[in-house]
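Contents: one structure, followed by commentary.
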Number of protein chains: 4
Amino acid sequence: MSVQTAKRRGRPRSDQAHQAILTAALEEVFAVGFRALGIDAIAAKAGVGKATIYRRWPNKAAVVMDAFLAEVGPGTGFPPAPRSLDRIRMQMEAQSKAFRSKYGMLIKSLLGEAQFDPELAEAFRERWIMPRRRLAREVIEEGIRQGDLRDDIDIEDAIDMLYAPIYYRLQIATGPVSEKYVDGIFGQVMAGLRSREKSSTARSKRQP
Amino acid sequence: MSVQTAKRRGRPRSDQAHQAILTAALEEVFAVGFRALGIDAIAAKAGVGKATIYRRWPNKAAVVMDAFLAEVGPGTGFPPAPRSLDRIRMQMEAQSKAFRSKYGMLIKSLLGEAQFDPELAEAFRERWIMPRRRLAREVIEEGIRQGDLRDDIDIEDAIDMLYAPIYYRLQIATGPVSEKYVDGIFGQVMAGLRSREKSSTARSKRQP
Amino acid sequence: MSVQTAKRRGRPRSDQAHQAILTAALEEVFAVGFRALGIDAIAAKAGVGKATIYRRWPNKAAVVMDAFLAEVGPGTGFPPAPRSLDRIRMQMEAQSKAFRSKYGMLIKSLLGEAQFDPELAEAFRERWIMPRRRLAREVIEEGIRQGDLRDDIDIEDAIDMLYAPIYYRLQIATGPVSEKYVDGIFGQVMAGLRSREKSSTARSKRQP
Amino acid sequence: MSVQTAKRRGRPRSDQAHQAILTAALEEVFAVGFRALGIDAIAAKAGVGKATIYRRWPNKAAVVMDAFLAEVGPGTGFPPAPRSLDRIRMQMEAQSKAFRSKYGMLIKSLLGEAQFDPELAEAFRERWIMPRRRLAREVIEEGIRQGDLRDDIDIEDAIDMLYAPIYYRLQIATGPVSEKYVDGIFGQVMAGLRSREKSSTARSKRQP
DNA sequence: GGCTAAGCGAGACGGTACGTCTAGTCTTGGG
DNA sequence: CCCAAGACTAGACGTACCGTCTCGCTTAGCC
C-alpha cells in the first residue's frame with residue numbers, strides 16, 4: 001500500500017515490454033534450453049533493449065522464473081474430493097504430471113540454477129515450493145480432522161516424504177516420475193500415516 | 001585389455017600433475033565456489049597447462065566430481081550393528097552429517113550442475129548415488145530377512161522415501177538437514193515399513 | 001520574420017533552464033573532460049530533463065560550443081596601438097594566452113571533436129575561427145595601408161602562417177605555446193611580409 | 001635487442017592475425033569512417049576474436065594508427081633535387097597531396113582522436129609527425145649549408161610555419177589544401193628565410 | 001645413440017555471452 | 001507548448017571464460 005502510493009515520476013514502465021520479455025524468454029528457453037538461452041536473444045525476440053531487461057531482473061534466471069510462474073499460475077488449485085486422502089494423491093499426480101511435461105525441464109533448470117544463486121533459490125522456494133506445500137498442509141490437516149490420518153504426525157515431514165521423491169527422481173533420474181511411482185510412494189507413506197481404525201477402508205481403495 | 005596392456009608409447013602421463021589438479025580443484029572450489037571456479041585458475045594453482053586438464057577431463061564439472069570422490073572415498077562403509085534398522089538409521093545420519101559439512105556445498109553444486117550436463121548427471125548417479133543406494137538396499141534386504149521389515153515393500157521406493165527428503169532439504173532449504181529431522185523421517189517411514197508382528201516370527205516371512 | 005514575431009504558442013522556453021544547462025556543461029567539462037562528459041550528467045547537474053537539452057541542441061558538442069562561446073565572449077577586442085604590427089603581435093599573444101589557460105583544453109576538444117562532426121566543424125569555424133580571422137585581416141590591411149607591410153601579400157595566407165602554428169602546437173604538442181614561441185613565429189613571418197622600404201614611402205604603394 | 005632475447009614461452013602471437021587485423025581495420029575505416037568503426041566489425045572481418053585485438057592494442061585508435069602507418073610506410077622518402085629549396089617545396093607538395101587523398105580523412109581522424117587520448121597523441125607525434133619533421137630539418141640544414149637560407153633562423157619555427165598551415169586547413173577547412181595554396185605558403189615563408197644575396201635567383205624560379 | 005611418440009607448461013587463438021554504458025527518443029503528469 | 005523525470009530501443013564496449021591450438025621442451029620405449 002505505502003510502497004507505490006507516492007506516484008512514480010517519469011515515464012512509467014511498459015507493461016507491454018514486460019509481457020513481451022516473459023513471452024520471449026519462455027519461447028527461447030523451450031527452443032534452446034536454459035543454458036543456451038541468452039539475454040541478447042530474449043531482448044531481440046521481444047523487440048526490447050537489453051537495458052530494459054536488466055532494469056527489471058538481475059539475470060536470466062530471474063526472468064525465466066517470472067516467465068515460468070506467469071505461465072503456470074500461482075497454485076494449480078485442486079477440485080475438491082470427498083476423501084481428503086484422495087485429494088493428496090490427486091495433488092501428487094498433478095504435480096508429477098507437470099514434471100513429465102515440458103515444464104519439467106524448466107523446473108529442473110530453475111532448481112539446478114538455484115543451487116548457485118541464493119536469490120533465485122529463495123524465489124523458487126517462496127513462489128513455487130511454498131504455495132504448494134501450504135496447499136498440501138491444508139489437505140493433510142483436513143485428513144487429520146476427518147480422522148483419516150493420525151493426529152500425532154509431523155506434517156512438514158509428511159509433506160517431505162510425499163513430495164521429495166518426485167523432485168529426487170526429476171533431478172537424479174533413478175527412474176521415471178510415473179503415475180505408478182507416485183502412487184507407490186503415496187501408498188507406502190500412507191501406510192505409516194494412516195489411522196489404525198480406518199486403515200482397512202483406505203487401503204482397499206486402490207487395490208480392490 | 002588392449003588399452004592398458006600394450007604399454008603406451010611416448011611420455012607417460014604424470015600422476016603428480018593428476019594429483020595436483022585434483023587438489024587445486026578442491027581448494028579452489030572451496031575458496032570461490034563452483035560457479036566462480038575457472039579451469040584457468042585450477043591450471044594456474046596446480047602449475048599445469050590447461051591442455052593437461054582437458055586431456056583428462058571434458059570440463060570442470062568432471063574434474064570437481066573426481067576431486068570430490070577422491071576426497072570422500074568410495075562408500076563410507078558402516079560398522080555392523082545388531083539391528084538392521086539401526087544400521088539404516090546410522091547410514092542416514094552419516095549421510096546427513098556429510099551434507100552439513102563443507103562437502104554439502106559440493107554435492108549441492110554437482111547435483112545442480114548435473115541438471116545441465118547429462119554426462120555429469122550420469123557420473124553423479126553412478127558414482128555417488130548408486131553405490132549408496134546399493135548399500136542401503138543390502139541393509140534393507142537384511143532387515144526383511146530378519147523380519148523387521150515387511151516382505152512386500154518396494155525397496156527402491158523405500159530408499160527414495162528415506163533419502164530423497166535429505167536431498168530435498170539440501171537443495172530447497174525448507175529447513176535444516178539436522179539429525180533430528182533425519183530421525184523424524186526415519187521414524188515415520190519405518191512406521192509404514194515395519195512388520196506388524198513384533199519381529200518374533202521374522203524367520204518365517206519368506207515362506208508363506 | 002514569422003518565427004519570432006508570431007508569438008509562439010504554449011509555454012515559452014525557460015531562459016533559466018538555458019543558462020543552467022550552459023553553466024552545468026562548462027563545470028562538467030572542466031571537471032571530467034570532454035569525452036567523459038555525458039548529456040545525462042549535464043541534465044542532472046542543471047536540474048533539467050534531457051529532452052530540454054535535445055530540444056535546443058543536437059548533441060553535446062553543440063552545447064559545449066555554446067557554453068564556451070558564452071563564456072569567452074564574441075571576440076576579445078584589442079586595445080588600439082600606434083603601430084599595426086604591434087597590434088598583430090598583441091593579438092597573437094592574447095590568443096596564445098587563452099590557449100595556455102583552461103580554455104585551451106576546451107578548444108583542443110572542440111576542434112578534435114569537429115573532425116568527426118561537420119556541423120560542429122562549421123560552428124567552430126564560423127563562430128570561433130572566422131571572427132578572429134576577420135579581426136586579424138583588418139589589422140593586416142591597416143598595416144598595409146600604413147606601409148608597414150608589402151601590398152602584394154596574400155592576406156589569408158599570412159593569417160594562416162601567423163596563427164596556424166599556434167593551433168599546431170596546441171594539438172600536436174611539439175612544444176609549448178609560449179609567448180617566446182609566438183614572438184619567434186611573428187618575427188620570422190614578418191621578416192617576409194614587411195616592406196623593404198623602411199615604411200617611409202608607405203603611402204606610395206597603392207599607385208605604382 | 002634485450003627485450004625479446006628471453007625467448008617468449010607459450011604459443012607465439014600470430015603474424016597472420018596481426019596482418020589480418022590491420023588490413024581489416026583499414027578497409028573498415030575507409031568504408032564506414034573512423035567513428036562508426038567498431039572493434040567487433042574489425043574482428044569479424046579479420047576472422048579473429050576480439051580478445052586477440054585487445055591483447056595487442058588498447059583501443060580502436062591504436063589499431064587504426066598502426067594500420068595507417070603500416071600502409072603509408074615510415075617516411076615517404078624524397079628524390080634528391082639539385083636545389084634544397086626545391087626539395088622542401090616538393091616535400092610540402094607531397095604531404096599536401098597525401099592530405100587530399102583518402103588518407104587525409106585518416107589523418108584528420110587520428111589527429112582529432114588524439115586530442116582525447118594522450119597515448120594516441122604521443123604515437124601520432126612520434127611516429128607520424130616527428131619522422132617528417134626530421135626529414136624537413138635535414139633539408140633545411142642543407143639549405144643553410146648551401147647558403148640558400150640564412151644561418152640565423154630557428155629551424156623548428158621554420159618547420160612549423162611551413163607545415164602548420166597544411167594541418168590547419170585540413171582540420172579547420174578555411175580553404176582547400178591545394179598545390180597552389182602550399183606553393184603560396186612556401187613562397188611567403190621563404191621570402192623571410194632566404195638569404196639576401198641569393199634572393200633574386202630563388203625568386204625567379206617559380207615566376208619567370 | 002638416435003628416432004618417434006606422447007606428454008608437459010605456457011599462453012595465444014576464435015568464439016560467445018555478459019553486464020555496463022551512452023546516445024537520442026518517447027511518455028508520463030503537471031504548469 | 002514546455003517542463004522534469006525517467007523508461008525506452010539500439011548497439012558498442014571491454015571483460016571473462018571456454019575449449020582448442022601451437023610453441024619448444026621433456027620423457028619414455030623402440031630400433
Side-chain angles (χ1 to χ4, degrees), chain A residues 7-14 16-18 35-41 43-44 46-60, chain B residues 6-14 16-18 35-41 43-44 46-60, chain C residues 7-14 16-17 35-41 43-44 46-60, chain D residues 7-14 16-18 20 35-41 43-44 46-56 58-60:
Chain A
K7 198 65 190 295
R8 295 275 298 272
R9 303 222 295 163
R11 177 175 177 174
R13 293 191 173 180
S14 159
Q16 185 182 321
H18 198 89
R35 269 294 162 86
L37 174 62
I39 291 281
D40 298 62
V48 139
K50 275 204 291 178
T52 299
I53 297 181
Y54 281 111
R55 203 177 291 122
R56 298 159 190 244
W57 295 277
N59 50 53
K60 75 171 173 185
Chain B
K7 200 67 184 300
R8 299 273 293 275
R9 302 227 307 154
R11 179 174 176 175
R13 293 190 173 177
S14 159
Q16 186 183 320
H18 198 91
R35 266 297 160 86
L37 174 64
I39 290 281
D40 297 62
V48 138
K50 280 206 291 177
T52 301
I53 297 180
Y54 281 108
R55 205 173 289 121
R56 298 158 192 245
W57 294 276
N59 52 49
K60 78 170 172 184
Chain C
K7 197 68 184 301
R8 296 274 291 277
R9 304 222 306 151
R11 178 174 175 175
R13 292 191 173 177
S14 157
Q16 184 182 322
R35 267 298 160 85
L37 174 64
I39 292 280
D40 297 62
V48 137
K50 279 203 293 177
T52 301
I53 298 180
Y54 281 109
R55 207 174 288 123
R56 299 159 191 245
W57 294 275
N59 52 50
K60 78 171 173 184
Chain D
K7 196 67 187 298
R8 295 276 295 274
R9 303 221 293 162
R11 178 174 175 175
R13 295 192 171 179
S14 157
Q16 184 183 320
H18 199 91
R35 269 295 161 89
L37 174 63
I39 292 280
D40 298 61
V48 139
K50 274 207 291 180
T52 300
I53 297 180
Y54 282 111
R55 203 175 291 122
R56 297 162 189 241
N59 50 54
K60 75 172 173 187

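Keep in mind that the numbers below use all heavy atoms, side chains included, and drop hydrogens, waters and symmetry copies. For clarity, every value in this text was computed on a predicted model and none was experimentally measured. Just so we're on the same page: letters track the sequence lines, and every chain starts at 1.
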Separation of atom CD in A:Gln16 from atom P in E:dC26, rounded to whole Å: 15 Å
Do C:Lys50 and E:dG24 have a side chain to base donor-acceptor pair shorter than 3.5 Å? yes
Once you round to the nearest 0.5 Å, how far does CD1 of B:Ile39 lie from NZ of B:Lys50? 8.0 Å
Separation of F:dT9 atom P from A:Ile39 atom CD1, nearest Å, is 14 Å
Can you check the A:Arg55 CZ to E:dC21 P distance for me, whole Å? 13 Å
Between E:dG7 (C1') and B:His18 (NE2): distance, integer Å: 15 Å
What is the separation between atom CG on C:Leu37 and atom C1' on E:dG24, rounded to the nearest whole Å? 15 Å
Among F:dA28, F:dC18, F:dT9, the one nearest any side-chain atom of B:Lys60 is F:dC18
Mind calculating the distance between CZ (A:Arg13) and C1' (F:dT9) to the nearest angstrom? 16 Å
Find the distance A:Asn59:CG to E:dT20:P and express it as a whole number of Å. 11 Å
Ignoring hydrogens and angles, does a donor from either the side chain of A:Arg11 or the base of E:dC26 sit under 3.5 Å from an acceptor on the other? yes
What's the spacing between B:Asn59 CG and B:Ile53 CD1 if we round to 0.5 Å? 11.5 Å
From E:dG9, F:dA7, F:dA5, nucleotide with atom closest to A:Arg56 side chain: F:dA7
Rounding to an integer number of Å, can you tell me how far B:Asp40 CG sits from F:dT20 C1'? 13 Å
Given side-chain hydrogen bond (donor to acceptor under 3.5 Å, both in side chains), test B:His18 with B:Arg56 step by step and report yes or no. CA-CA 9 Å; B:His18 198 91; B:Arg56 298 158 192 245; 3.0 Å; yes
